[in-house]
**Student:** 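Have a look at the structure that comes next, please.
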Amino acid sequence: MRPHVGSPPHFQPSGTIGAPGRRNERRLVRGRAAGDTVDRACTTEHQKMPNTVYFFGTCLIDLLFPRTGLAAMRLLERAGLRVLFPQGQTCCGQPAYNAGYRDEARRVARAQLDAFPESLPVVVPSASCAGMLKVHYPLLLAGTADAARADAFAGRVVELTDFLVRVLDLRLTDLGPPIRVAVHNSCSSRRELGVADATMDLLRRLERVELVEPERAHECCGFGGTFAIKQPEISAAMAADKTSAIAATGAAVLVSQDCGCLMNLGGTFARRGGGPAVKHVAEFIWERTSHDD
Amino acid sequence: MTTEFRLAIGAALGRERVRTNIRKAMDGLVSKRAAAFPDADERERLRDQGEAIRGESVARLPELLEELERSCTRNGIQVHWAETGEDANRLVLDILRHAEATALLKGKSMVSEEMGLNEYLKHAGIEAVETDLGELIIQLAGEAPSHIIAPAIHKDRAEIAALFREHYPDQPPAERIEELTALARRVMRKRFRGMTAGLSGVNFAVAETGTLCLVENEGNGRLCTTLPDLHIAVMGIEKVVARLDQIPPLLTLLTRSATGQPITTYVNFISGPRRPGEQDGPRAVHLILLDNGRSRIRLDPELSATLRCIRCAACMNHCPVYTRLGGHAYGTVYPGPIGSILEPQLHGLAERGEMAEASSLCGACAEVCPVRIPIPRLLNRLRFEAVNAQADSPALGHGSRRLAGQAGLWRLWAWTCAHPRIYRTLTRLMTALRPLQPTRIKPWTDTREAPRIAGQDLHRLARAAGFTDRL
Ligand code: SF4
């Protein structure tokens, strides 16, 4: 187990700038990007590990996939961190935000700011929700009384896999049998946060896991939140193509860092029959590396 | 809600052949673009430059347009201003009538599609002759363009061969691509002869020098702009750039993003009519500057980014929605991501607001846009404006898509999520009533199984597992 290095907790979430290999075409959040470059330049070298973190579970995991949330928190705890789960947290507000209801999203956003008051990292097991908290809260609350609070909060938010790899540099001992795993990186992980590599990186630390990427890996699975409801035909067509590509890899398990994608793809697989088991990366890793599950 | 757009989408998804053709073509364009930018750093630098140059164009639009007018006039190009498509059509017709032209040779121009020029001229008894191969094909088929740079991309070789057989029965049959293009060339060359008027679009217009820049691969654009005595150029006002030295970076961004070419076969710089002593070139050149809502779009500091667009089509080539639908399903002049931000602004959210919803916000478009238009962010903004009932919004048709029932539901949802106690009571209730969860939740379960509500929510599981609430 890694020792903790002192307090005060001092860490730098990756934000939107990548290390050279991740430079990519990722410039959706340019304003923040510029700021982050400066910060990172002075902190990447001697990044200190925090000893306490907040966990933001997301509403989807809360109600539909709580085992995923629990697995993620246990991974953090096993790495020696104290994990706080504020009972005041609800939803990041993204559904309303993407449906155009900004006042409503703002109301929900403020409630989350209230729920995470201390200056601690906020670890989020979803790139999509992390993107909302990190990239869109500052935009949504700009010019309001909560602008500064939103900026500070955004600076503390870090996507789970990114945190596990970059901040914790988590070591894993694979206890499972050899297995072929397909990875689906969510669009938010790729293009909004630029943390898609972290999931692959983590899975590579499992010795007996063979990783495969389906064809057209970069393409959206068709979930898109309210998109799946408002444009169900296109969404279904995208999910059908994506599931076919995944099935063609012959993987036994499909892993992603976002439960939204997994709900879409898992639901589609369940309907068409066959296909791999579907798991959030945190749950998959927890199961492969713990004796008690 | 099953709207006309949704019906068109359903129909498009059912047309297997078109879907296959488009997907294949888009895959090709995507890999060509990727190969054209082997160096990511150079690509990103160029995109920075593209954004800055086009950003300057939009920011300084009024003064640049006036400078363009002065420079063009100095060069002997007659400049006309059109506020609407209708105005632009009338200008074209007046110019043609004055020159006693009965037909018009046309190079490819999306602005002329926006104007509905061909239809307009037809009513006035003037034949518009499309000379771009793709435009010719869809004109023969009686269709609209399905893509902004490759208008007939939805058709495969066999369909084109059949069209040519039908329309040019006296020509030797053609099947292979070379035969088809040769046939088109033979037919078109004949049409060029004796034509007195040509029309083209404009890729960029340089304010400082009064130069009109036009890229193309077939040479038909050059013929349209040099062979007839009269050349009319139509452009959206946003296509102006300040200086000539800004053209090279824009050109390379445009051609590499569009087709993966380092440069197109033809790059035309038009700087005025034939001068005394010159052997060829038109005797009169007119430039029509079309506004059609662009000045209004420019007023909003965020949405004005739309006007940076150089119409390279990379956003649609990479769009998972466009690649499955093709352009026709949108029913608009501009399809795909650029269409989804431009059309609702040109025509108002009441009429076209639904386009902004036809996106999963995956961000593939913004990732490739050579001038870094933040398309997903603008889509989000347009969704907001569509339901924004406040009076001071600059967006055309703002608030028009607000439904009282829907707004009420979102208010209720926000109230729940902003009150953790109520939220927790509700999730607890839902987990308790889990056995009653319906298995059919439309439209989700039309093609998928619905996820099952958990026996216990994470709030309770976390607490039970000893994860504390606060420090
Ligand atoms: S929005 Fe960007 S990618 Fe799309 S056509 Fe315009 S310039 Fe090209």
Side-chain angles (χ1 to χ4, degrees), chain A residues 23-28 52 55 57 61-66 69-70 73 83-91 93 96-102 104 107-108 110-111 115 118 187 191-192 219-220 222-224 227-240 263-264 267-268 270-271, chain B residues 6 9-10 13 40-41 43-44 320-321 324-325 357-364 366-368 372 374 376-377 380 383-384 386-388 407 410-411 413-414 417-418 420 423-424 427 430-431 443-444 446-454 456-459 461-463 465 467-471:
Chain A
R23 198 163 178 279
N24 241 329
E25 299 176 280
R26 194 181 344 104
R27 292 294 297 273
L28 286 176
T52 307
F55 191 77
I61 285 181
D62 193 16
L63 197 60
L64 302 173
F65 312 104
L70 216 48
M73 292 200 288
V83 181
L84 304 180
F85 185 92
Q87 291 285 323
Q89 63 178 286
T90 59
C91 165
Y97 181 64
N98 281 345
Y101 287 88
R102 291 190 176 177
E104 286 72 10
R107 210 169 304 154
V108 176
R110 286 201 186 96
E118 307 294 336
C187 298
R191 304 189 184 97
E192 190 157 70
E219 197 174 78
C220 176
F223 176 57
F227 171 70
I229 308 300
K230 291 203 167 170
Q231 294 293 345
E233 292 85 3
I234 316 173
S235 172
M238 288 162 70
M263 183 169 83
N264 178 36
T268 305
R271 176 61 57 87
Chain B
R6 288 257 318 268
I9 286 167
L13 289 171
D41 288 334
R43 180 192 62 215
E44 296 312 295
V321 174
R324 282 173 180 80
L325 297 181
E357 288 168 9
S359 163
S360 65
L361 304 179
C362 77
E367 189 178 28
V368 296
R372 296 193 193 283
R377 191 170 291 178
N380 180 289
R383 292 179 184 185
F384 163 67
V387 296
N388 174 17
W410 281 116
R411 255 202 309 280
W413 171 89
C417 291
Y423 170 90
R424 285 202 303 271
T427 49
M430 286 171 85
T431 51
W444 181 268
D446 287 346
T447 56
R448 319 165 180 85
E449 295 299 318
R452 302 292 299 161
I453 293 173
Q456 276 200 52
D457 55 80
L458 183 62
H459 279 72
L461 280 178
R463 181 175 279 165
F467 290 99
T468 50
D469 187 34
R470 63 196 73 205
L471 274 180

**Student:** What part of A:Y97 is in contact with chain B, defined as an atom under 4.5 angstrom from a non-hydrogen atom: side chain, backbone, both or neither?
**Tutor:**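 When you check distances to chain B, atoms from both the backbone and side chain of A:Y97 fall under 4.5 Å.
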
**Student:** What part of B:A407 is in contact with chain A, defined as an atom under 4.5 angstrom from a non-hydrogen atom: side chain, backbone, both or neither?
**Tutor:**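 Both parts, heavy atoms under 4.5 Å.
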
**Student:** May I ask you to check whether A:Y101 and B:N388 show a side-chain donor-acceptor distance below 3.5 Å?
**Tutor:**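 There is no such pair between these side chains.
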
**Student:** Are any non-hydrogen side-chain atoms of A:F65 and B:R452 less than 4.5 angstrom apart?
**Tutor:**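 Not touching, per the 4.5 Å side-chain cut-off.
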
**Student:** Do the side chains of A:F85 and B:H459 get nearer than 4.5 Å, heavy atoms only?
**Tutor:** yes

**Student:** Below 4.0 angstrom, N of the basic side chain to O of the carboxylate: do B:R324 and A:E219 qualify?
**Tutor:**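 The answer is yes: the pair qualifies as a salt bridge.
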
**Student:** Okay, side chain of B:S360, backbone of A:G224: is any donor-acceptor separation there less than 3.5 Å?
**Tutor:**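 Checking the backbone N and O of A:G224 against the side chain of B:S360, no donor-acceptor pair under 3.5 Å is found.
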
**Student:** Given a strict heavy-atom distance threshold of 4.5 Å, which part of B:D446 is in contact with chain A: side chain, backbone, both, or neither?
**Tutor:**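 Answer is backbone: N, CA, C or O of B:D446 sit under 4.5 Å from chain A.
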
**Student:** Measuring heavy-atom distances to chain A, does B:L471 have an atom under 4.5 Å in its side chain, in its backbone, in both, or in neither?
**Tutor:**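 B:L471 touches chain A through backbone and side-chain heavy atoms alike.
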
**Student:** For B:R6 and A:Q231, indicate whether the former's side chain and the latter's backbone hold a donor-acceptor pair under 3.5 Å.
**Tutor:**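 No, B:R6 side chain to A:Q231 backbone: no donor-acceptor pair under 3.5 Å.
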
**Student:** Does any backbone or side-chain atom of A:A115 lie under 4.5 Å from a heavy atom of chain B? Answer side chain, backbone, both or neither.
**Tutor:**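 Neither; nothing under 4.5 Å.
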
**Student:** Are the side chain of A:D62 and the backbone of B:L458 linked by a donor-acceptor contact shorter than 3.5 Å?
**Tutor:** yes

**Student:** So, B:R448 versus A:N264: side-chain donor-acceptor pair below 3.5 Å or not?
**Tutor:** yes

**Student:** Quick check for you: among A:E104, A:R102, A:R107, which has the greatest number of heavy-atom pairs under 4.5 Å with chain B?
**Tutor:**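 With the most close heavy-atom pairs to chain B, the winner is A:R102.
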
**Student:** Any sub-3.5 Å donor-acceptor pair from B:R424's side-chain atoms to A:Q87's backbone N or O?
**Tutor:** yes

